[in-house]
Every structure is written in structure tokens, then in C-alpha cells.
Amino acid sequence: MTERIHVGVAWPYANGPLHLGQIAGAYLPADIFARYNRIIGNEVLMVSGSDLHGAPITIRAERENTTPEAIGAKYHAEFLDCWERLGISFDLFTTTGTDNHREVTQDIFLTLMRKGYLYRDSMLQAYCPSCGRFLPDRYVQGICPNCGSPNARGDECESCGKPLDPVDLNNPRCAVCGGTPRFEQSEHFFLKLSALQEELAAWVGGNSHWRQNVMGSTRGFIDEGLRDRAMTRDINWGVPVPVEGFENKRIYVWFEAVIGYLSATKEWAHLQGDDAAWEKYWKEDAKIYNFIGKDNIFFHTLSWPATLMAYGGLNLPYDVPANEFLTIQGQKLSTSRNWAVWLTDYLERYDPDALRYYLTAVMPETQDSDFSWEKFVRRNNDELVATYGNLAHRVLTFCHRHFGGVVPDSGELDASSRQLLDEAEQAIGDIGDALGRCSFKEALRTAMSTAQKANRYLDEQAPWKSIKQSKDEAARSVATVLGVLSALSTGLYPILPFSSEKLHASLGFSGSVLERGWKMVLPAAGQVLRQPQPLFVKLDEAVIEEETARLGQS
RNA sequence: GGCAGCGUAGCUCAGUGGUAGAGCAGGGGACUCAUAAGCCCUUGGUCAUUGGUUCAAAUCCAAUCGCUGCCA
């Protein structure tokens, strides 16, 4: 039975380059999941886009004497290039800056207003007279009332970790100009989350398939009691509030960016030439998955579902497989200290599948995990190259040397050959099962263990020995392993698409792995093999030192 | 501070009531088709700590410590 699967991925902020934490946390798992669902025949739509709004991008633009549009455009182009090179297969990667997104957002805003889920109230806001604008919480600095630290931010004191309100700071100052802000009442629209408390609790309770971390923190918010929150901001960059008197305000980015999942679907439908096609995913039977990092669980399991419930008639997320964080060589990622591995840098120097392999192997599914160049090189060389790449290479070169570069006739299979092929076929099923549950690490382990079994089998069979006595016996074991390789090219396709296609072609198949589908297809006797080329490149140990030296350098 | 997740071998992790596991790294061996890869054997753990429930706890409960995130 085919299903409709909507894969929505966190909207990256177009304020700087992508780093490996974002890839491991959201984009790679989303892509693996989307590829798997496509190959098993599901109807898949994978969308996301650049988040162009919010205060940081405007402040950066001022500092660099440019416009928010220019910064957004630069990084949006860079993101698109990265997806292409890393094989992140979006059906549409748009931006929050489109007319379509504005229209969809404003429609939702006005509908919620009309239904009473958005109401006016006023709140105290810091206003900087010398900058002539209201300041977001984090742009007010001052002395922490809790620990006395002189550089506490209005949202949080970094030195004692306590969350703060800008009005609590002693001697507040504007983080941009250093001037003294004053606090003024400002009118905003509040989302009536409190009114949806029961409905949300019931819905969350029915989602027992959610991950521990997602369910735990979502339940925590509900038990605490949901509070109404402002969904507009005193800022002049973003989606305009479609209400008279709010010309100098904009819709809050977290209210608006998640609407992108819906607006992007509408944009995709329009580009397909079928404006109603979005309804297949949002009104008809479909499962919506949102791949995100653990930092924005609240917005995806409560705030956005509340918006959808209030609007009415649209599908809610089916699953929100949020990942934990990736540290870099034992330390937290830090953009300001340049403690990060930037995706563009990686892609300039190494293969996409090597990264996809390593990041899947250490994917932070249940706890924070660590990226290190040493482990990257080690796992590439000792696992990916040695276990999988070498398996393909040793068998393919053997075929060229002894069987004229064609698939030999296996003849009647003996018990161990039959068993290995059964296990390979079973592995495809198990991998699929794991991928369907978003257990990506488990899927990879299953695949690699199949490659290992094939290596063991080869050593037992030793066709390099048997060929001296019986060409048929050697043909049988070699043909068997070619079958396992074919199975692996399928089973690993969602995770390692580039090398899977390469192996598929090396095995003499035409077309693509994707077209062939999620099944084991044995290469036919006589099928012409391509001249084998190594699937993966072995990395020089010097890479570890070179790359480690780059960390933390400005 | 509150809430949530996590803490198992040197590393990455699996294991949710029944004799502590895998891969990689380390040590040894036999082989040689292969990117000096693969295969076999092997060293290695007070399952964060303390207490409790149970015939039986890595697993359930409580407290403590540590790491990360969130506090919209």
C-alpha cells in the first residue's frame, strides 16, 4: 500500500553558512527518510527553505552596510549548491521571502484573528531612542540581577544560565549602540495557546510513536500549562502584520517560518501546474514528518500544531523526529569561535558519501554525539573503504581477471551461498524497517553487518583457491557475492546514494537504483560488468592534523 | 532555578526484569582475490554514584552528581 509522506525540514537561517551539526541533526536524516520512501514507491514531498527573517539578519546587514535581502540571497544560493553536492534531495527548497509565503501566512494570521485565537494585548518592550527602534530581548544587555555579571543578555544570563526578562536587568543598555533603552508599552497579537491546551494534550497523548526526548519535553510543557505568547514583534523586517495600525510591526519568525511547510507545499503545487495538489498532503490521507534539532521541539509539537488546529481542516505533524546535538571534537559548536566544520569547506575537499556515512554512524538520535576528524578518517578508512568498498572491489576485479568481466553463472547454489543471499534479502527488509522508524544508525549497522558476512563468506569459499581446481565452484561464490553487492547498493541507497548508483552501474545494471526499487535483484549470468573503480577514497592520516588545525582559526 | 533527554569497554553505540554485547581501536595468528583491505582468536566494563523494590535490576523507584537543550 503506498502512502503519502510529507517531509518538512527545519528552515535554515540565511545568516551564515551551514555546519555539520545542522546536517547530522536534520537535513541528512530527512533526506535518507525521503529517499527510502521514494524507493519503496511512496508519494513523497520533501520541502524546506531559507528563513530570511528575524532580527539578527537585519543587524548583520547594518554592520556590513548591506541589506538583509542581499545576505539572504547569498546564503540561499549557497544552501542550494550544498544540497546539490551533498545529495539532499529537496523537491522544493524555497525561502520565506516569497509573495506566496506572505499570502499564506497572512491568511492564517487573519483566520486565527477572526476565530479569536489571536487577540490584542500590550507588553513592555525595550526601546532604544538613539537607534530609534524596539530591541529584541537579546539585544538588551546589562547587569544580571541574579549573579551580578555585567554582560547578561535580556533573554538569558550566560554566566549563571538563568533566563531573564530585559526589564529585570540593572543598568540596561542597547547591544547595538550602547545607549540606554527605555521600556514602553507596545501592542501585540497573542496566540491563545491556553485555549488549545486540552486539545493539544489529547493529540500528543495519541502520538506514542514519538521519540522519548520529543514526547518528554512536549508533555513537560503541557503539564506546566501553556501560556499565550506574542506572535508579533516590533521590527520592520519580516512578514507584515495585515492589520491597520501595525505597519511598524512584523509577524514573529517562529509563528511564520513553520507555516513554510504549508506555503512551500502550495508553491510546489503551483510549479507542478496543479494548484490544488497541496491538498493531497494537508487535507487528505498523508503523514507529515518534521526533521529538526532538539532546540525547537516546542515550535513543532505545540506552537505549530496549535496554529493548525486553530486554523482547522489541515493535517497535523505525524512525527517530529528531533535529533540531539553534534559536538565537534568534544566541544560545543560555536560560530563566534569558529569551532565548527562548515559544509562548504567539507564538500570542497571530500566525498559526500563519506560524510553521509560518518554522520549516519554517529547520528545524535538519542543523545549528543561527537564529530572528530580522527574518527571521520578512521571510520572512512577502516569501515567504509575496508568493509564495503573493498568487498566490491575485490570481487569485481576478480571477475575481470578470471571471468572476462561478465557475471559468471552461479549454477546450483549450495547451502551457505543460499543462506548468504537469503540474509542479504532479509537485510533489505530489516534496513527498510529501521528507516521507516527513523532509526538510521540501526539501518546502517544492519547493512554493514551484511557486508561483513559477505567478506566472511568469501574467505571461507576462497574462490582464488577454488578457481585452480574448479571454475564452477569459484563462479558460484563470486556470483553470490555479486548478488549481495546488488542488495547492498539498494539497501544503502538512502544513506549513500552516490556510491550506490556507482556500484549499481559497476554491476552492469542500466537505469538507476531508485528505478529498480526496494528489492534484491541478482545480476544475471553474462551481464557485462564495468571496469571496477574504487567506490570510496582512502584518506591520508595527515587529513586529521590539517583539519584539526583549522578548527578555531578565524 | 524549573522541565526534558542522556550517562554501559579506550572510542561510537546496542541492550527496558532472567549468566554484560557489537563495531572500531589495542594484542596474537593463519591466508593472499582485494584500496597492506579481508578472515580467525584475543585483551578490555563496580552498566555515573548512593539507597530502595524484587527470588532476580544496566533495565523499575527515589535521591545525588555530570553533560546537553528548552523555559515559547
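In what follows, every chain begins at residue 1, and chains take the letters A, B, ... in the order their sequences are listed. Remember, it's a predicted structure, so these values are computed and weren't measured experimentally. What you see below is based on every heavy atom in this structure, not just the backbone, and it leaves out hydrogens, waters and symmetry mates.
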For this session: Rounded to the nearest angstrom, tell me the gap between atom CG in A:Asn381 and atom C1' in B:U35.
Result: 9 Å
Seminar exercise, completed: The answer to which of A:Asp295 and A:Trp464 contacts RNA chain B further toward the 5' end, by nearest nucleotide, is A:Trp464
Exercise. What nucleic acid atoms does A:Asn213 come within less than 4.0 Å of, heavy atoms only: base, sugar-phosphate, or nothing?
Worked result: sugar-phosphate
Exercise. Is it true that atom CD of A:Gln527 has more than 12 heavy atoms of other residues, nucleotides or ligands lying nearer than 6.0 Å?
Worked result: yes
For this session: Considering only atom P, compute the distance from B:A25 to B:U12 and round it to an integer number of Å.
Result: 15 Å
Seminar exercise, completed: With A:Asp353 as partner, the option from A:Asn380, A:Leu535, A:Leu496, A:Leu492 fulfilling side chain to side chain contact (heavy atoms under 4.5 Å, CB included) is A:Leu496
Exercise. Which residues within residues 190-210 of chain A lie with some heavy atom under 4.0 Å of an atom in RNA chain B?
Worked result: A:Leu193
Filtered N/O pairs between nucleotides 6-10 of chain B and protein, under 3.5 Å:
{"from": "B:C6", "atom 1": "O2'", "to": "A:Gln367", "atom 2": "OE1", "distance (Å)": "3.0"}

Exercise. In whole Å, what separates the C1' atom of B:U59 from that of B:U8?
Worked result: 11 Å
Could you list the donor-acceptor pairs under 3.5 angstrom formed by side chains in residues 134-143 of chain A, with sequence neighbours left out?
{"from": "A:Gln141", "atom 1": "OE1", "to": "A:Arg173", "atom 2": "NH2", "distance (Å)": "3.2"}

Exercise. So which heavy atom on A:Leu522 is nearest to which on A:Gly483, and how close?
Worked result: CD2-CA, 3.6 Å
Exercise. For the residue pair A:Tyr311 and A:Tyr117, is the inter-centroid distance of their aromatic rings smaller than 6.0 Å?
Worked result: no
Problem set entry | Sequence neighbours excluded - salt bridge (Lys or Arg N to Asp or Glu O under 4.0 Å) pairs with any residue from residues 288-306 of chain A | A:Lys294-A:Glu324, A:Lys294-A:Asp368
Exercise. Is A:Gln185 atom CD crowded by more than 12 heavy atoms from other residues, nucleotides or ligands, each under 6.0 Å away?
Worked result: yes
Exercise. Can you tell me how far P in B:G7 sits from the matching atom in B:C47, rounded to whole Å?
Worked result: 14 Å
For this session: Measure from CD on A:Glu224 to P on B:C70 and round the result to the nearest Å.
Result: 15 Å
Exercise. Does a sphere of radius 6.0 Å around CD in A:Gln533 hold more than 12 heavy atoms from other residues, nucleotides or ligands, not counting ones at 6.0 Å or beyond?
Worked result: no
Problem set entry | Value in whole Å for how far the C1' atom of B:A14 lies from CG of A:Leu444 | 14 Å
Exercise. Side-chain contact, heavy-atom cut-off 4.5 Å: A:Ile431 with A:Tyr36?
Worked result: no
For this session: Quote, to the nearest angstrom, the P distance that separates B:A9 from B:C13.
Result: 11 Å
Seminar exercise, completed: Residues in residues 395-404 of chain A with a heavy atom under 4.0 Å of RNA chain B, by number, are A:Thr397, A:Phe398, A:Arg401
Problem set entry | Value in whole Å for how far the C1' atom of B:C33 lies from CG of A:Leu482 | 13 Å
Exercise. For A:Tyr358, is the NZ or CZ atom of A:Arg379 found under 6.0 angstrom from the centre of its six-membered ring and inside 45 degrees of the ring axis?
Worked result: no
For this session: Write down the distance separating the C1' atoms in B:U19 and B:A58, rounded off to the nearest Å.
Result: 14 Å
Exercise. How many angstroms lie between atom CD1 of A:Ile57 and atom CG of A:Asp51, to the nearest 0.5 angstrom?
Worked result: 7.5 Å
Exercise. Contact class for A:Ser369 (heavy atom, under 4.0 Å): base, sugar-phosphate, or nothing?
Worked result: sugar-phosphate
Seminar exercise, completed: Those residues at least two apart in sequence (or on a different chain) that pass side-chain hydrogen bond (donor to acceptor under 3.5 Å, both in side chains) with A:Glu442 are A:Arg437
For this session: List in numerical order all residues of residues 530-542 of chain A for which some heavy atom is under 4.0 Å away from an atom belonging to RNA chain B.
Result: A:Pro534, A:Leu535, A:Phe536, A:Lys538
Seminar exercise, completed: Residue pairs passing the salt bridge (Lys or Arg N to Asp or Glu O under 4.0 Å) test with at least one member in residues 208-223 of chain A, sequence neighbours excluded, are none
Exercise. How is A:Gly225 classified with respect to the nucleic acid when contacts are heavy atoms under 4.0 Å: base, sugar-phosphate, or nothing?
Worked result: base
Problem set entry | Over-ring placement of A:Lys249 relative to A:Phe246, 6.0 Å and 45° cut-offs | yes
Exercise. Does any pair with a residue in residues 400-411 of chain A pass salt bridge (Lys or Arg N to Asp or Glu O under 4.0 Å), and if so which ones, sequence neighbours excluded?
Worked result: none
Seminar exercise, completed: Output field dot_bracket for RNA chain B (Watson-Crick or G-U, both distances under 3.5 Å, | for other-strand pairs) contains ((((((((.[[[[.)..(..]]]].((((.........)))).....[[[[[..)....]]]]]))))))).
For this session: Taking atom P in both B:C24 and B:A20, compute the distance separating them and give it to the nearest angstrom.
Result: 24 Å
For this session: Give A:Leu458 one of three labels, base, sugar-phosphate or nothing, depending on what nucleic acid heavy atoms sit under 4.0 Å from its own.
Result: nothing
Seminar exercise, completed: A:Asn455 CG to B:U35 C1', in whole Å, measures 13 Å
For this session: For B:G21 versus B:C33, give the span between their P atoms, rounded off to a whole number of Å.
Result: 37 Å
Exercise. Going by atom types only, do A:Lys502 and A:Ser489 share a side-chain donor-acceptor pair under 3.5 Å?
Worked result: no
Exercise. Could you state the CZ-P distance from A:Phe221 to B:G2, rounded to the nearest angstrom?
Worked result: 16 Å
Exercise. Between atom CE in A:Met448 and atom C1' in B:U12, what is the gap in whole Å?
Worked result: 14 Å
Problem set entry | Nearest-0.5 Å distance, CG of residue A:Asp370 to CZ of residue A:Phe325 | 14.5 Å
Return the polar atom pairs (N/O with N/O) between nucleotides 22-25 of chain B and the protein under 3.5 Å, or none.
{"from": "B:A25", "atom 1": "OP1", "to": "A:Asp382", "atom 2": "OD2", "distance (Å)": "3.3"}

Exercise. Closer to the 5' end of RNA chain B via nearest nucleotide, is it A:Arg229 or A:Glu365?
Worked result: A:Glu365
Problem set entry | Distance-minimising heavy-atom pair for A:Gly25 and A:Asn323 | O-ND2, 3.0 Å
For this session: Measure across A:Leu52 and A:Thr96 and return the closest heavy-atom pair with its distance rounded to 0.1 Å.
Result: N-OG1, 3.0 Å
Exercise. Considering only the C1' atoms, how many Å lie between B:C40 and B:G45, rounded to the nearest integer?
Worked result: 24 Å
Exercise. Between A:Leu164 (CG) and B:G1 (C1'), how many Å, whole number?
Worked result: 11 Å
Exercise. Can you list every pair that meets salt bridge (Lys or Arg N to Asp or Glu O under 4.0 Å) and has a residue in residues 458-468 of chain A, with sequence neighbours left out?
Worked result: A:Arg394-A:Asp459
